[in-house]
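Chain letters run A, B, ... following the sequence lines, proteins first and then strands; every chain starts at 1. Treat the numbers as computed from the prediction; the structure is a model and nothing was measured.
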Amino acid sequence: MENDLNKAQEKAILTTEGPVLIVAGAGSGKTRVLAHRISHLVERGVRPEAILAITFTNKAAGEMKSRISNLLKHGKENLRHEMPDSAIFGRALPWVGTFHSLSVSILRETGSAIGINKHFTILDEDDALSLIKEALADLALDPKQFQPTRLRSIISRKKNELVTLEQFKTEALEYFPKILARVWAAYEEKTQKSKALDFDDLLLKTVELFSKEPRVLEMYQERWRYVHVDEYQDTNLVQYHLTKLLAQKYGNICAVGDIDQAIYSWRGADFRNIMHFERDWPNTVLITLEENYRSTQLILNAANAVIVKNKFRVPKNLFSQKKSGSKISVFEAINEEEEGDFIAGLVNYLHEKEKIPLTEMAVLYRTNFQSRIIEEKMIATGIPYQVIGVKFYERKEIKDTLSYLRSALNPEDLIALKRAISMPPRGIGKALIIKMLAGGNLSEKENKKIEDFKKLLEAVKKDAEEKPASEVLKNLIKRSGLEDYFDNGTDEGEMRLANIAELASLAKRYDAKKAPEGILTLLEEAALMSDQDTVKDENSVKLMTVHAAKGLEFKAVFIAGLEDGLFPHHASMEEEKELRDEEERRLFYVALTRAKEKVYLSYAVFRTIFGSRQVNRPSNFLFDIPDELIEKAPEKIITLE
DNA sequence: TGATCCAGTTTTTTT
DNA sequence: AACTGGATCA
């Protein structure tokens, strides 16, 4: 065992049998502990394939995998480093991934037992919303009266609460629930017709599979005898059941989490799952990691002072060996412009004068719209930056391109078909699509148009089954007419074309896979990509929401927009105000604990929202931090001599 | 069918 | 202030 582990960490690594709950404070080295624990299991003779680890993002999964394989390669107790790489990589690694990717692989493997098509496609939020809109249109309901996003989010919440459509129907007695039940039913029908599953279905169907087919469940229980779940405080009811089912037989479950960092309740996550762990799993060994290896003690003091105000928590006090450190800077800006100038100016200063690499700095904010002005100021100052949150795979032109692949490989995916057929425009409009799907009589002209499109899809399919992924895409871009369509001389067209070209080059990552696995993997990863998975490993400052920053760390962290109403956010706070208030505070706690050395807080007195100017008071969170930990940021923006 | 224009809405966080 | 969706017209 390495000697630079503390007592608690060591215990977490060595307690391999039975239920273990690791309460891991921010920056307490939990990723490291998990990786060591897993490699320790392997060193004790457990087959790697018998270990399962569920992470919050694909990025975290990737890091976990590489840490584990490094540990196995360089482990002290064995002399593997003298073995060729192939001896290490030739052997299987533990299965590491997110709940969603785990569900996908289970459903592809054994989902047919409950009637799931092996080649189902995954609906992203956009696709799901389109189906809701279609459903509304079919039912002749007014989308203004019944907002599609609202209906979609209620359906999603119900699914996460394990409420089935049938159950909901019987409970729906009043006007609105009855309408909702009809929309839900229509949505469900459309999803099934396309052989598709939405994000919630992925998890839900896996639980259904396990409940209805005990033998399938048992197979997975036998396969994964050691189950690990990270970020357990942010699991929802379905994920909770999934975990429980998988680990039930052998009881080797290791959950890692921190109530203070629970920030996804609005998405159905329930931190009571972690609070009830010891009740669910008798004889749980509880381990608390309180030593923080990330931040200075001063930053932790501030963070502790903030979080201690929460009622729903288990007391915990983070401490660090890094005793000295800079105070937390607070800057009052007159408006968001000045705030942006302050941030960009200081990033520049820290980079040039204090030699802090740009990759070690991040600007965090509560809501995405705040990124625009900061982005502008970064451009004006000439600082390389990356905004996390504008997802590459969600861009229209990328979705259009991918829809050809989806449609070619799964002809029943109507959502993709409709997308592909109308982009670029080829004289096939709404009316003709309906006629075609209904099998009506077509004129010669119409028939030709449709036959041409079918031939195109067949060519794409043939490509996908024979050629490397990047080549499939290159051909597709030409043959579909997308290239000609976007090559129209406008800046926008140029940008979209560049994005599509980028997609083809990204696809090279999958070229090594045998066709059509490469394309299939590309489609799958595109659908399950998280914000963090898009973080580029380049020399740039990262701009992102606090949610997106979960699990990350930086030397210097800017937290912008600390205004009452914005952070804490007051929108739709009327229900369960106290709970939401506490979640906002946890969010601020997460933001503070991302920082290793420096924290800069800022707020604007005037802020323009919806094109109108608002006057804001500073956030109450600012007053939760003891005065002696705070200093005023310089009035004038630091200029370089 | 598809481009263009106008009105109305949006911004909480996302796998 | 920007983006969307719907209506209108070629």
task = Please answer whether dT13(B) and W266(A) are stacked, defined here as ring centres separated by less than 5.5 Å and planes angled under 30°.
result = yes
message = Using whole Å, what does the distance between atom C1' of nucleotide dT12(B) and atom CZ of R586(A) come to?
response = 15 Å
ask   = Between dT14(B) and T545(A), is there an OP1 or OP2 to side-chain N/O distance shorter than 4.0 Å?
value = yes
message = Using a heavy-atom cut-off of 4.0 Å across all strands, would you classify D200(A) as base, sugar-phosphate, or nothing?
response = nothing
message = Please classify the nucleic acid contact of R613(A) as base, sugar-phosphate, or nothing, using heavy-atom distances under 4.0 Å.
response = nothing
message = Using salt bridge (charged side-chain N to carboxylate O under 4.0 Å, His left out), reason through R152(A) and D200(A) one step at a time and then give a plain yes or no.
response = CA-CA 11 Å; R152(A) 165 71 196 137; D200(A) 308 316; 3.4 Å; yes
d(CG, D234(A); C1', dT15(B)) in whole Å = 12 Å
query = For DNA chain B, whose closest nucleotide is more 5', that of D531(A) or that of L432(A)?
reply = L432(A)
key: Nucleotide nearest S530(A) when distance is taken to its side chain, options dA3(B), dT14(B), dT15(B)   = dT15(B)
inquiry  = Between N368(A) and dT12(B), is there a contact of a side-chain N or O with OP1 or OP2 at under 4.0 Å?
reply    = no
query = What nucleotide, of dT12(B), dT11(B), dA3(B), holds the atom closest to the side chain of T367(A)?
reply = dT12(B)
query = On the ring face of F199(A), is R267(A) found with NZ or CZ under 6.0 Å from the centre and within 45° of the axis?
reply = no
inquiry  = Within the 4.0 Å heavy-atom criterion, would you say R426(A) contacts the bases, only the backbone, or no part of the nucleic acid?
reply    = sugar-phosphate
key: Atom C1', compared across dT12(B) and dG5(C): separation rounded to whole Å   = 23 Å
query = Between dT11(B) atom P and E563(A) atom CD, what is the distance in whole Å?
reply = 19 Å
message = Side chain of A431(A), heavy atoms from C-beta onward: which of dT12(B), dT13(B), dT1(B) has the nearest atom to it?
response = dT1(B)
task = Can you tell me the distance, in whole Å, between the CG atom of D581(A) and the C1' atom of dT12(B)?
result = 14 Å
task = Look at the side chain of I609(A) and decide which nucleotide, out of dT15(B), dT11(B), dT14(B), has an atom nearest to it.
result = dT11(B)
ask   = Would you call the rings of F621(A) and F588(A) parallel, tilted or perpendicular, where under 30° means parallel and over 60° means perpendicular?
value = parallel
inquiry  = Run the side-chain contact (heavy atoms from CB on, under 4.5 Å) test against E63(A) and tell me which residues pass, sequence neighbours left out.
reply    = K59(A)
task = Start with the C-alpha distance between R586(A) and F271(A), add both sets of side-chain angles, then the distance that settles side-chain contact (heavy atoms from CB on, under 4.5 Å), and finish with yes or no.
result = CA-CA 12 Å; R586(A) 289 194 292 269; F271(A) 65 76; 3.7 Å; yes
key: Interatomic distance at C1', dT11(B) relative to dG6(C), whole Å   = 22 Å
message = Whether the side chain of H100(A) and the base of dT15(B) hold a donor-acceptor pair under 3.5 Å is what I'd like checked.
response = yes
request  = Tell me, please, which residues at least two apart from N273(A) pass side-chain hydrogen bond (donor to acceptor under 3.5 Å, both in side chains).
outcome  = T235(A)
request  = Describe the nucleic acid contact of E125(A) in one word from base, sugar-phosphate, nothing, applying a heavy-atom distance below 4.0 Å.
outcome  = base
inquiry  = Mind checking if I428(A) touches a base, just sugar-phosphate, or nothing, with heavy atoms under 4.0 Å?
reply    = sugar-phosphate
ask   = Rounded to whole angstroms, how far apart are CD1 on I559(A) and P on dT12(B)?
value = 21 Å
message = Once hydrogens and angles are ignored, does a donor-acceptor distance under 3.5 Å link the base of dT13(B) to the side chain of R580(A)?
response = no
R313(A) backbone acceptor or donor facing E582(A) side chain under 3.5 Å = no
ask   = NA contact type, K449(A), heavy-atom cut-off 4.0 Å: base, sugar-phosphate, or nothing?
value = nothing
query = 5'-most contact on DNA chain B: S422(A) or Q532(A), nearest heavy atom basis?
reply = S422(A)
remark   = Min and max contacting nt of DNA chain C in 5' to 3' order, chain A heavy atoms within under 4.0 angstrom, are dA1(C) to dG5(C)
request  = Can you spot which of E337(A), E563(A), Q614(A), E336(A) makes a side chain to side chain donor-acceptor pair (under 3.5 Å) with R607(A)?
outcome  = E563(A)
query = For the pair made of CG in L129(A) and P in dT9(B), what is the distance, rounded to whole Å?
reply = 17 Å
request  = Mind calculating the distance between CG (D201(A)) and C1' (dT15(B)) to the nearest angstrom?
outcome  = 13 Å
key: Nearest-angstrom distance from the residue atom CZ of F56(A) to C1' of dT13(B)   = 11 Å
key: Check: D260(A) main-chain N/O paired with R585(A) side-chain donor or acceptor under 3.5 Å   = no
